[in-house]
Amino acid sequence: MASTREARITMTLGNLNSSNGGLALGTSAGAAVRLREVCKKFDGGIDAIGGVNLSVAPEEFVSIVGSSGCGKSTLLRIIAGLVPSTGGTVEVHGEPVMAPRRDVGMMFQRPALLAWKTSLENVLLPLRMRRTVQVSDLEDALRLLDLFHLGGFEHHFPRQLSGGMQQRVALARLMMTGADVRLLDEPFGAVDELTRELLNLELLKIHDRTASATIFVTHNISEAVLLSDRILVMSPRPGMIAADIPVPLERPRSPEMAYSTAFQKIALKVRYHIQLSQSERGMTG
């Protein structure tokens with residue numbers, strides 16, 4: 001007799017294989033992400049980013065913090081190939097970024113789920129854009145949904161899910177891309193504190209289990225310390241790297257680490273550099 005999972009796969013597979021598509025793919029040795037003197041000026045003469053240099057190693061988790069409007073989200077979009085830089089070079093695995101790439105996945109501040117597709121269909125969307133969905137893909141998608149405590153909700157639509165559940169679907173979709181460079185733009189900023197803690201734990205599990213270079217934008221200093229190997233502080237506009245702070249805490253990480261002296265010292269150092277960068281640019285708060 002077919003298992004419950006096999007029944008779910010058989011019921012769904014025939015409805016998913018209606019479209020194809022693709023994005024450019026390329027790999028090479030060296031840093032996963034490298035930026036050299038990257039600048040961005042928007043129409044109207046607004047300097048959003050000014051001369052950012054950044055290197056992220058494979059499997060490294062790097063958080064970016066800084067005041068609102070300093071260019072954090074813009075920087076992620078440039079790395080993702082969604083927004084062109086005005087100057088400088090951006091490379092992923094040694095190749096110039098000219099357009100969105102298959103090996104770079106991005107998660108936005110909002111879940112950005114398709115309202116007319118179920119949780120499972122949303123998770124499988126990156127694959128459907130490239131090729132026909134296979135049984136093994138469905139197994140992987142269902143496994144991810146189970147990992148994020150969404151088993152039983154695979155056939156629910158976004159309107160039937162809470163905000164935290166929608167974010168978990170979006171996180172599962174990011175994992176389904178198979179990208180080894182992951183960009184997350186304040187993905188948990190719109191959920192309550194308890195849900196945020198749960199999502200942080202899920203993200204920690206994923207990072208510990210899978211090899212990827214991750215760049216994570218957040219306004220939450222404790223979140224950055226808990227998740228990261230390094231924390232970059234960006235100065236107010238035009239955004240530049242004001243400080244590069246290592247986080248030498250052991251992995252695997254746990255929420256209880258937030259009460260340790262080492263954790264608190266790192267958090268205070270990050271806060272100090274944020275405030276210092278603001279004062280140097282004539283800002284307060």
Side-chain angles (χ1 to χ4, degrees), residues 5 8-9 11-27 32-33 56 58-59 61 73 76-83 92-93 95 97-151 153-158 161 164-188 199 202-203 205-207 209-217:
R5 181 179 296 279
R8 290 152 72 190
I9 291 171
M11 177 176 63
T12 308
L13 184 60
N15 298 324
L16 294 172
N17 294 321
S18 59
S19 64
N20 290 297
L23 299 174
L25 175 65
T27 59
V33 177
V56 179
E59 303 186 34
F61 197 117
S73 297
L76 284 196
R77 284 163 171 75
I78 290 173
I79 297 170
L82 300 174
V83 175
V92 170
H93 298 306
E95 297 184 351
V97 174
M98 308 301 293
R101 297 168 53 103
R102 189 182 300 175
D103 54 357
V104 178
M106 185 160 182
M107 183 174 174
F108 298 93
Q109 296 175 13
R110 298 186 181 277
L113 303 178
L114 298 183
W116 58 93
K117 291 190 177 295
T118 65
S119 299
L120 181 58
E121 290 170 328
N122 270 288
V123 171
L124 287 166
L125 188 61
L127 294 184
R128 287 190 59 207
M129 293 175 63
R130 302 200 299 264
R131 58 173 172 78
T132 299
V133 174
Q134 307 295 323
V135 171
S136 60
D137 300 325
L138 282 170
E139 292 174 340
D140 290 342
L142 290 170
R143 191 177 299 113
L144 280 170
L145 288 170
D146 286 343
L147 174 65
F148 294 129
H149 309 290
L150 290 167
F153 293 93
E154 60 268 26
H155 299 300
H156 285 59
F157 292 93
L161 305 174
M165 294 171 76
Q166 291 181 32
Q167 286 295 77
R168 278 182 271 163
V169 173
L171 190 55
R173 180 180 59 193
L174 175 63
M175 301 303 110
M176 199 68 188
T177 64
D180 58 9
V181 174
R182 298 171 184 158
L183 312 174
L184 296 94
D185 185 9
E186 296 186 68
F188 311 144
L199 292 169
E202 301 299 346
L203 188 55
K205 290 178 184 177
I206 292 167
H207 186 71
R209 293 180 182 182
T210 62
S212 69
T214 301
I215 305 177
F216 184 90
V217 166

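In this view, A170 and M107, P111, L113, Q167, R173 satisfy the side chain to side chain contact (heavy atoms under 4.5 Å, CB included) rule, not counting sequence neighbours. By the ring pair (Phe, Tyr, Trp, His ring centres under 6.0 Å) test, H156 is found to be paired with F153, residues two or more places apart in sequence or in another chain being considered. Remark: V97 engages V90, V92, R101 in a side chain to side chain contact (heavy atoms under 4.5 Å, CB included) (not counting sequence neighbours). Among residues two or more places apart in sequence or in another chain, the side chain to side chain contact (heavy atoms under 4.5 Å, CB included) test is passed with Q109 by S73, D185, E186. Residues satisfying the side chain to side chain donor-acceptor pair (under 3.5 Å) criterion with S119, sequence neighbours excluded, are absent altogether. Among residues two or more places apart in sequence or in another chain, the side chain to side chain contact (heavy atoms under 4.5 Å, CB included) test is passed with D140 by R143, M176.
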Between R209 and I206, does a side-chain contact (heavy atoms from CB on, under 4.5 Å) hold up when you go through it step by step? CA-CA 5 Å; R209 293 180 182 182; I206 292 167; 6.0 Å; no
Hey, mind stepping through L203 and F188 against side-chain contact (heavy atoms from CB on, under 4.5 Å) and telling me if it holds? CA-CA 11 Å; L203 188 55; F188 311 144; 4.1 Å; yes
Could you go step by step and tell me if L183 and T214 meet the side-chain contact (heavy atoms from CB on, under 4.5 Å) rule? CA-CA 6 Å; L183 312 174; T214 301; over 6 Å; no
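Side chains of L184 and L174 form a contact here, defined as non-hydrogen atoms less than 4.5 Å apart. For the pair L76 and M106, the minimum side-chain heavy-atom distance is below 4.5 Å. Contact of the V181 side chain with the S212 side chain is not registered, since no non-hydrogen atoms from C-beta on lie closer than 4.5 Å. L124 has its side chain out of reach of K117: every pair of non-hydrogen atoms, C-beta onward, lies at least 4.5 Å apart.
A salt bridge links D137 with R131: at least one charged nitrogen is closer than 4.0 Å to a carboxylate oxygen.
The two residues G151 and D146 have their closest heavy-atom pair at CA-OD1, 3.1 Å. Scanning both residues, A115 and P158, for their nearest heavy atoms gives O-CD, 3.7 Å. The minimum heavy-atom distance linking A80 with V104 is given by the pair CA-CG1, 4.2 Å. Residues P58 and A213 come closest through the heavy atom pair CA-CB, 4.3 Å.
Rounding to the nearest 0.5 Å gives a distance of 13.5 Å between CG of L144 and CZ of R168. For the atom pair M165 CE and H149 NE2, the distance stands at 11.5 Å (nearest 0.5 Å). The line from CG of N122 to CG of L161 is 9.5 Å long, rounded to the nearest 0.5 Å. A distance of 11.5 Å separates CZ in F157 from CG in L114, rounded to the nearest 0.5 Å. To the nearest 0.5 Å, atom CG of residue L171 and atom CG of residue L150 are 10.0 Å apart.
Although no hydrogens or angles enter the test, the distance criterion places no donor-acceptor pair under 3.5 Å between the side chain of E202 and the main chain of L199.
Donor-acceptor pairing under 3.5 Å is recorded for the side chains of R182 and T210.
More than 12 heavy atoms of other residues, nucleotides or ligands sit less than 6.0 Å from atom CZ of R77.
Between H207 and F61, the two ring planes are perpendicular [angle over 60°; tilted spans 30° to 60°].
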